[in-house]
Amino acid sequence: MAPPERSGAVAPGNEEAVRAWDTVLYERWKRNREVFVGALDEVTAELLERLPPPPGGRCIDVGCGFGETTRSLAALVGSDGFALGTDSSPRFIADARREADAEGIANVAFEVADAQTAAWEPVHDYAFSRMGTQFFSAPVPAMRSIRGALKRGGALRKVCWRRKEESPVWAETEQVVKRFLTRPEEHEADTCGPGPFSLGNPETCRGILEAAGFERVELHRRDFDYLVGRDMDEAVDAMLAIGPGAELIRLNGAHGDRRRPEIAEALADHYADWRRADGSVVGRASVWLVAAANPR
Ligand SMILES: C[S@@+](CC[C@H](N)C(=O)[O-])C[C@H]1O[C@@H](n2cnc3c(N)ncnc32)[C@H](O)[C@@H]1O
């Protein structure tokens, strides 16, 4: 089946990150989906419970990935409402469409778009993103574009990582990998641009939203247990697939691959302290739950 068509162009500054998210990162996210998506279920549910979309409302989900949250939004607004999932990756969107179709969900649609260049109509009551707004090369124009999708008075709700150091699951994993590898000055791998922690600094996170014209910006800190894996193998595999430790290996190319087995062993040692009685591996992590509004 042909991949879904993209509406609008990819911003030149986003080409590398968009390519990474449609190739290697798509494949790794998909392989470890139960970990990456499952670990964020609790904080997502909390945000949607505290600050839900209005019944019958129209939602847009930015950087929606496989569309799990788009489907949640569709369920929350009910059959009179609607949820549009958007993502820059045609492969994520193809899967999102297939899964929503298979479940027979009538009030969702999915489109491929770079949020930074998308020209959405201001028809939505509620814009949402879980971990989808950290990768823009020009975050202020990108957030202005997302604001452009909202009606006057419309709400923005999003989840993003706090600083890497605030999440031991990421920071300590990277520290272990750093015992074996350094970041190469030159590499061939595509990176995901500013990266997952680019909004970790609260002033940066707030400042971007205010510069993009949002008002009533609120950041709520949320620390939580992050299920790294249901067993040690899954935990090590997931953390060596995505995240700062995994990226260090990937950027080192063949040299990184050669060192992977020793790194995996060292990580399993490190995670031993995080092991629960049922064998699962659980670390600590921290996100911002962000709320803002498009002025009336
Ligand atoms: C960490 S994943 C999160 C996926 C999903 N929201 C979830 O929580 O499972 C980041 C997503 O942002 C998307 N993304 C990255 N840059 C983007 C851009 N410029 N415009 C739209 N989506 C983008 C990626 O393709 C990827 O699906």
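First listed ligand is number 1; within each ligand, the first listed atom is number 1. What you are looking at is a predicted structure, and each value in this text was computed from that prediction instead of being measured.
- At a 4.0 Å heavy-atom cut-off, the residues surrounding ligand 1 are Asn14, Trp21, Trp29, Val37, Gly63, Cys64, Gly65, Asp87, Ser88, Ser89, Phe92, Ala113, Asp114, Ala115, Arg130, Met131, Gly132, Phe135, Phe136, listed by chain and number.
- Ring geometry for Phe224 versus Trp161: interplanar angle under 30°, hence parallel rather than tilted (30 to 60°).
- Checked against ring-ring contact (aromatic ring centres under 6.0 Å, His included), Phe82 has no partners two or more places apart in sequence or in another chain.
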For this session: Tell me, with the steps shown, if Gln116 and Ser145 meet side-chain hydrogen bond (donor to acceptor under 3.5 Å, both in side chains).
Result: CA-CA 6 Å; Gln116 199 169 304; Ser145 159; over 6 Å; no

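- Val123 belongs to no multi-residue hydrophobic cluster, having no ILVMFWY side-chain contact under 4.5 Å with any other such residue.
- Residues passing the ring-ring contact (aromatic ring centres under 6.0 Å, His included) test with Phe36 are Trp29, sequence neighbours excluded.
- Among Leu156, Leu47, Thr70, the single residue meeting the side chain to side chain contact (heavy atoms under 4.5 Å, CB included) criterion with Phe128 is Leu47.
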